[in-house]
Structure formats: structure tokens, C-alpha cells
Amino acid sequence: MDALANLADGFATALTPVNLLFAVVGVLLGTMIGVLPGIGPAMAIALLLPVTYSLEATQAFIMFAGIYYGGMYGGSTTSILLNTPGESASVVTAIEGNQMAKRGRAAQALATAAIGSFIAGTIGTMLVVLLAPSIVGLAVQMGAPDYFAVMVLAFVAVTSVLGASRVRGFCSLLLGLVIGLVGIDQTTGQQRLTFGVPQLADGIDVVVVAVGLFALGEALWVAAHLRHTSAQVIPTGAARMGRADWRRSWGPWLRGTAIGFPFGAVPAGGAEIPTFLSYVLEKRLSKHPEEFGHGAIEGVAGPEATNNASAAGGLVPLLTLGLPVTATAAVLLAAFQQYGIQPGPLLLENEPELVWGLLASLLIGNAILLVLNLPLAPVWAKLLRIPRPYLYAGILFFASIGGYAANGSTVDLVLLLVFGVLGFVMRRYGLPVLPAIIGVILGPRAELQLRRALQISDGELSGLANTWFSISVYAVVALVVLLPVLLRVLQRRQRGAGPGDGTTSEAPERVLHSSSEGRL
Amino acid sequence: MTSSRTADPASAPGRRQGLSELLVPVLLLGIGLAVLVDASGLEEGLGRSGPVGPKAIPYAIGAALVAAALWLAVDVLRGGRGEQESGEDVDLSHGSDWRTLGVLFGALLVNTLLIERVGWPVSGAVLFFGSAYALGSRRVVRDVVLSFALSIGSWYLFVLGLDIELPVGLLNGIL
């Protein structure tokens with residue numbers, strides 16, 4: 001059990017008083033920012049990036065560990081207590097959780113979400129601890145064609161799994177790839193798409209793109225459509241639940257973990273599908289299916305656990321291959337790159353203290369989250385009443401600090417503005433944001449691996465698929481591309497035959513189809 | 001191919017939305033062409049190693065953008081509509097509020113232009129005040145106090161607490 005010994009070392013790193021303080025601060029900041037309506041975990045991390053600029057890498061990542069789970073938990077609090085439709089990964093939680101809250105069971109909904117998140121996060125992180133070394137063992141044997149194949153898979157997965165429209169996902173990916181092209185070509189030293197601006201020669205900082213698309217774009221979009229009737233916040237006491245709730249929750253927690261983790265670990269596009277699967281599964285298994293849609297606790301427990309387990313699973317490709325599969329992971333990768341750290345198979349070897357410290361901090365942060373958030377729920381609920389002009393002005397304000405502080409240059413503020421407008425346009429016309437950010441991050445690396453692979457094969461295209469690994473990845477790519485087409489054909493045929501399957505719940509399905517990208 | 005048909009193309013607002021929807025393919029086409037033109041200006045031979053030069057990928061991405069623009073245009077013309085993003089504070093029943101957006105954009109622009117001249121404590125306060133005003137806050141005195149408290153507070157936090165440089169500008173010597 002080498003991994004466990006390493007994890008113990010990680011705990012030794014993370015448990016020094018100073019580092020523990022950073023973990024607590026991270027959890028508090030993450031929850032606080034994540035609770036604010038309109039701010040999802042990805043935006044929370046993006047906005048908090050500048051706070052860590054001057055920290056040493058280990059401490060910064062200990063703090064990010066807290067922000068990661070804290071931001072996610074904060075998001076589910078919002079969807080439970082706020083009487084407006086939430087989106088994406090917490091969409092199912094929003095449906096059942098909000099119904100529970102309306103029936104005066106907000107405390108129980110928050111408790112099952114918090115405890116479920118804790119259990120799923122802990123099991124998920126332990127799975128990362130146990131799996132990561134062996135995946136790294138495989139990954140160090142991967143060559144350029146294998147890496148290129150995996151990146152193609154990531155591109156295809158984020159464009160076709162997410163969102164209602166594939167063509168729009170594809171457009172978004174291409175926009176990201178173009179942004180990634182800007183700067184000096186790695187092999188010949190020529191400037192591409194810099195238009196003579198010297199500050200663009202180093203390329204565009206991923207942090208600026210992330211803050212622009214996620215924070216500025218979102219704030220501008222919401223500002224243009226601000227709901228003028230103030231949203232109704234359901235009051236709550238400290239989160240707690242009774243024996244009957246425990247009995248109904250533990251099954252969904254464990255099943256949700258089992259569904260969420262593998263979905264997060266493969267580059268297949270986030271928590272939207274697994275949370276929905278968990279919801280449907282719990283409804284089928286429940287002794288009280290009639291409660292679903294009216295506040296069934298299983299419908300909160302399962303999807304919440306799924307959401308967190310899939311976030312933990314997402315750390316596997318991120319840490320072992322340097323492959324982000326969700327918006328949050330993408331921003332986390334941007335944070336790594338700020339420190340000149342390139343996640344990938346060599347990370348575990350080169351920076352063991354950092355990786356194991358990060359994993360230990362995730363476990364610690366998760367525990368802190370549980371201890372703090374059960375009693376603090378009423379305090380977080382108060383944050384939901386923040387006047388909206390201040391909230392969105394604050395996002396623009398802190399996004400501007402982040403954009404400027406990244407390199408201390410006004411050119412970045414101009415770029416921030418450009419990406420903010422782009423983010424607005426993308427939200428207006430239904431282009432998902434995630435493929436763009438994945439394109440920015442992975443595009444340059446994909447080009448590097450492609451050129452390397454073709455250099456080895458001396459220009460032969462077959463050099464891109466000359467290993468069993470790359471061939472099987474391309475098979476999966478073909479599956480991801482063809483499966484939806486196939487499903488649609490089948491669906492059409494079924495619809496022609498008669499009315500659809502009446503047992504699946506209508507509400508989340510409708511929301512799932514209508515919310516394309518959701519809360520980042 | 002896949003498209004969410006939320007708006008009814010026959011109704012007047014639906015048709016107007018349809019026309020503005022064509023902005024996206026036009027934008028993509030423009031970017032695609034710019035990428036192609038830029039790529040054509042690159043030198044293939046310069047310090048080259050390997051069979052793939054610096055032009056290949058930009059050419060591929062530029063061409064893909066042009067193709068995607070056409071694909072999207074066809075989708076729009078066949079009635080496909082982009083799904084506007086929803087959210088907790090988002091009310092999609094009315095169109096974009098351009099006045100608010102204009103003022104917000106102005107506040108951001110003012111900050112960009114002024115930050116190195118007058119410093120973050122002033123430009124940040126203008127940014128926050130302007131944004132809050134644009135979003136409907138009308139408690140002027142409270143907003144001014146809050147704006148300066150935030151900008152000066154964040155300046156101290158970043159410069160003294162976190163050791164990150166933010167321009168001090170006009171208030172040099174006072175802070």
C-alpha cells in the first residue's frame with residue numbers, strides 16, 4: 001500500500017498549523033463565494049485565483065482544495081434555498097431540494113446534501129489516492145500519438161456530450177483553439193495571430209481567458225437580464241436530520257458515489273448526466289416514488305453525492321494526464337499553470353509533496369466542510385439576500401483585479417473585456433463555454449503532441465494511430481460521435497411507434513434538455 | 001443538425017432573433033478568415049523540425065472555423081436557435097438591457113484606461129460605483145462610501161497583505 005504511505009506523508013504536509021489555516025480559509029472562502037447566487041465553483045476558483053498568486057505552490061493548492069469542495073457545496077446550498085431555477089449539475093438537487101425547503105424541510109435537505117457530499121467526496125478522493133499511482137504507471141508509457149488521441153477524445157467529449165447543440169459546441173471549441181494559437185510557435189519561434197502586439201507574443205494567459213469567459217461574461221449576461229422581482233430565499237436553521245432521513249439517505253449516497261466517480265474519471269463531460277441517472281435510479285428504487293417532484297430526500301441525497309464523487313473522479317485525468325474534463329477542473333489546471341506546474345504523469349514523480357499534500361487537503365477540507373457547514377447554514381442563507389447590484393458589481397470588480405494582477409498589465413484588462421463580451425455573446429446564442437476553455441488549455445499541447453508524433457513517423461499519418469492505446473481511444477471517439485446520432489434515430493422510431501416511456505420523471509428531463517451548459 | 005427550437009420562427013420577435021443569430025456565423029467566418037490570412041504569412045522553412053510546420057494547425061483551425069460558420073448558418077436558417085443561458089438571477093422574458101450593459105462596459109473601460117494613471121483605489125471605486133449604479137442601486141452616498149472602502153481595502157489586502165502589485169496612482173503617499 002504505497003499510496004497510503006504517500007498519503008500519510010501528504011497529511012504530514014497538510015496538517016502543519018499554517019497549512020491547516022489555509023485549508024480552513026479555502027473552505028470558508030469557497031463556500032462563501034459559491035453560495036452567492038450566479039457564482040458556480042469554476043467562477044469561484046477563477047475569482048479567488050489572484051488571492052493565491054503570492055503563495056507558495058503547496059499552500060496555494062491546499063487552499064484550492066478547500067475552495068474546490070467548498071464552492072461545490074455552496075452551489076447546492078443556493079439551489080436548495082433559492083426559489084428560482086438553478087442549472088446544470090445541481091439542477092436535480094434544485095428540483096427536489098427546493099421542494100423540500102418549501103415544505104419546511106430546508107435543514108434536512110441541506111444536511112443530506114452536506115453529509116452526502118462529505119461521504120462521496122471522501123470515498124472519491126480515496127479512490128483517486130489508490131488509482132492515481134497505477135494510472136500514472138500506465139501514463140508514463142504513453143507516447144505522443146497516445147496523448148494526441150486522448151486530447152482528441154477530450155475535445156470530442158466536451159463538444160458532443162454537453163449542451164443541446166453539437167454545432168454550437170464545436171464552434172465554441174474552435175474559438176478556444178484560436179485563442180490557444182496566439183503567441184510564439186513552439187518549434188519555429190514565429191509569432192502567430194499576435195498582430196504586432198508584443199504582449200501577445202507569450203500567448204494569452206489562461207487565467208485571463210477563464211476570468212473573462214466565466215466571471216465577466218456571466219456577470220454581463222446576468223446584468224442584462226437581471227430579475228427585478230427579488231428572489232425568495234427560504235429561511236433555514238442549522239442543517240440537521242432525523243433517523244428516518246438517515247435511513248432514506250445512506251443508500252442514495254453510496255449509489256450516487258458509485259455512479260458519479262467513473263463518470264468524472266473518464267473524459268465524458270461533467271456531472272450533468274450522472275446526477276440525472278442517479279435521480280432516475282433513486283426514483284425507481286424508492287419506496288416513496290410519489291414524493292419525487294415534491295421534495296423526496298433521496299432525490300437530493302443521490303444527485304448531491306453523485307455530483308461530488310464525479311468532481312473527485314475528475315481529479316484522476318487532471319492529475320495523471322493533465323486533462324481537465326469539467327469547467328472547475330479546467331480552472332484548477334489554469335491555476336497549476338500559473339505556478340509553472342504541468343499536471344501529467346511526471347507530476348507525481350516531480351512534485352510528490354504537492355500532489356499528496358493536495359489529496360490530503362481534499363480529505364481535510366471535506367471534513368472541515370462538514371463540521372462548519374452544518375451549523376453555519378443559516379449564515380450562508382443570509383448571503384443569498386445580498387443586493388444584486390452589489391453582487392454583480394463585486395464580480396466585475398474582483399474579476400478586474402484578477403485580470404490585472406495576473407501580469408500587472410493593462411493589455412490583460414483589454415483582453416478581459418474582449419473575453420467578457422465573447423462570454424456574453426456565447427451565452428446569448430447558446431454556445432457552451434466549457435469547450436472554449438478546454439480548447440485554450442489543450443490546443444497548444446495537442447499541436448505539440450501531433451507534431452511530435454508525425455515527426456517520429458516521418459510524416460506518415462499512420463503514426464497517429466500505431467499503438468493499441470491510441471487505436472482504442474479513437475474507437476471511443478467514434479462511439480461518442482456516433483452514439484447520439486444512433487440514439488436520435490432510435491428515439492424517432494420509438495416516438496413514431498407510440499408515446500414515450502412514462503415512468504421517467506418529466507421535470508428533470510425537461511430541464512436537462514433545456515439547460516445547455518449551466519452554471520459554471 | 002441538433003438544434004433547440006425554442007423560438008417560433010414565424011412570429012415577429014422570433015424572426016428578429018433569428019436574424020441576430022446569424023451574427024455568430026459571421027463572427028466565426030471573420031475569425032476563420034483572419035486565422036487563414038495570418039497563417040499564410042508564416043514562413044514554413046524557418047528553423048523547422050519535423051514534417052509539420054507552423055502553418056498546418058492554423059490552416060486546419062481556420063478552415064474548420066469557416067466550415068463551422070457555414071454549418072451554423074445552415075442550422076440557423078433551418079430554424080435552429082441557440083439556447084440562451086438561464087440562471088438564478090436571470091429573467092429571460094425580456095430582451096437584453098442594452099443601457100445597463102453600456103454603462104457596465106463603460107465602467108470597465110474607464111477602469112482599464114485609468115488604472116495606471118490614477119491608480120486602483122480610484123479607478124476601482126469608479127468601476128464598482130458605476131457598475132452598482134448601472135444595475136439599479138440608487139443609494140448614492142452609501143455606494144460611494146462602499147466603493148472606496150472596497151477599492152482601498154482591496155489595495156491594502158493585495159499590496160501589503162499578499163504582496164501583489166496594484167497601481168497606487170493619485171493616492172501615492174496617502175495610502
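Lettering of chains follows the sequences in order, A, B, ..., and the numbering in each one begins at 1.
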Residue part contacting chain A, namely of [X], when any heavy atom lies under 4.5 Å:
{"X": "B:Leu150", "answer": "both"}
{"X": "B:Asp91", "answer": "both"}
{"X": "B:Phe129", "answer": "neither"}
{"X": "B:Leu42", "answer": "both"}
{"X": "B:Leu65", "answer": "both"}
{"X": "B:Leu109", "answer": "both"}
{"X": "B:Ser93", "answer": "neither"}

Where do [X] and [Y] come nearest, in terms of heavy atoms and distance?
{"X": "B:Leu127", "Y": "A:Leu396", "result": "CD2-O, 4.0 Å"}
{"X": "B:Leu135", "Y": "A:Ala393", "result": "CD1-N, 3.8 Å"}
{"X": "A:Arg428", "Y": "B:Ser20", "result": "NH2-OG, 3.8 Å"}
{"X": "B:Leu104", "Y": "A:Ala223", "result": "CD1-CB, 3.3 Å"}
{"X": "B:Glu116", "Y": "A:Tyr404", "result": "OE2-OH, 2.8 Å"}
{"X": "A:Pro50", "Y": "B:Ile164", "result": "O-CD1, 3.1 Å"}

Is it the backbone or the side chain of [X] that comes under 4.5 Å from a heavy atom of chain B, or both, or neither?
{"X": "A:Leu391", "value": "side chain"}
{"X": "A:Val421", "value": "side chain"}
{"X": "A:Leu416", "value": "neither"}
{"X": "A:Tyr390", "value": "both"}
{"X": "A:Phe170", "value": "side chain"}
{"X": "A:Asp412", "value": "neither"}

Based on non-hydrogen pairs under 4.5 Å, which of [options] is most in contact with chain A?
{"options": "B:Ala34, B:Ser151, B:Ala39", "result": "B:Ser151"}
{"options": "B:Val90, B:Asp97, B:Thr100, B:Val24", "result": "B:Val90"}
{"options": "B:Asp143, B:Val37, B:Asn111", "result": "B:Asp143"}
{"options": "B:Leu113, B:Leu92, B:Leu28, B:Thr112", "result": "B:Thr112"}
{"options": "B:Leu72, B:Leu27, B:Leu157", "result": "B:Leu72"}

What option among A:Ile401, A:Val425, A:Val51, A:Leu450 has the most heavy-atom pairs under 4.5 Å with chain B?
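So the answer, after comparing A:Ile401, A:Val425, A:Val51, A:Leu450, is A:Ile401.
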If you count heavy-atom pairs under 4.5 Å with chain B, which of A:Leu417, A:Leu177, A:Val222 comes out on top?
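Of the candidates given, the most pairs with chain B belong to A:Leu417.
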Please confirm whether the backbone N or O of [Y] pairs with a side-chain atom of [X], one donor and one acceptor, at under 3.5 Å?
{"X": "A:Gln190", "Y": "B:Glu43", "answer": "yes"}
{"X": "A:Arg451", "Y": "B:Val52", "answer": "yes"}
{"X": "B:Trp71", "Y": "A:Val167", "answer": "no"}

Working to the nearest 0.5 Å, report the span between CG of A:Asp185 and NZ of B:Lys55.
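Nearest 0.5 Å value for the CG-NZ distance: 12.0 Å.
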Could you give the distance from OG (A:Ser54) to CZ (B:Phe158), rounded to the nearest 0.5 Å?
9.0 Å
With under 30° as parallel and over 60° as perpendicular, where do the rings of A:Phe397 and B:Phe128 fit, or are they tilted in between?
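Rings of A:Phe397 and B:Phe128: perpendicular, over 60°.
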Out of A:Leu193, A:Val178, A:Leu174, which residue meets the side-chain contact (heavy atoms from CB on, under 4.5 Å) rule with B:Ile31?
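For B:Ile31, the side-chain contact (heavy atoms from CB on, under 4.5 Å) test succeeds with only one of A:Leu193, A:Val178, A:Leu174, which is A:Val178.
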Between A:Arg168 and B:Glu21, is the closest basic N to carboxylate O distance under 4.0 Å?
yes
Less than 4.0 Å between a side-chain N and a carboxylate O, is that true for B:Asp89 and A:Arg388?
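Judged by the 4.0 Å cut-off on N to carboxylate O distance, A:Arg388 and B:Asp89 do form a salt bridge.
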Counting C-beta onward and ignoring hydrogens, is there a side-chain heavy-atom pair between [X] and [Y] closer than 4.5 Å?
{"X": "A:His225", "Y": "B:Ser96", "result": "yes"}
{"X": "A:Tyr429", "Y": "B:Gln84", "result": "no"}
{"X": "B:Leu108", "Y": "A:Leu216", "result": "yes"}

Please check if the number of heavy atoms outside B:Arg99 that lie under 6.0 Å from its CZ is greater than 12.
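Check fails, neighbour count at 12 or below.
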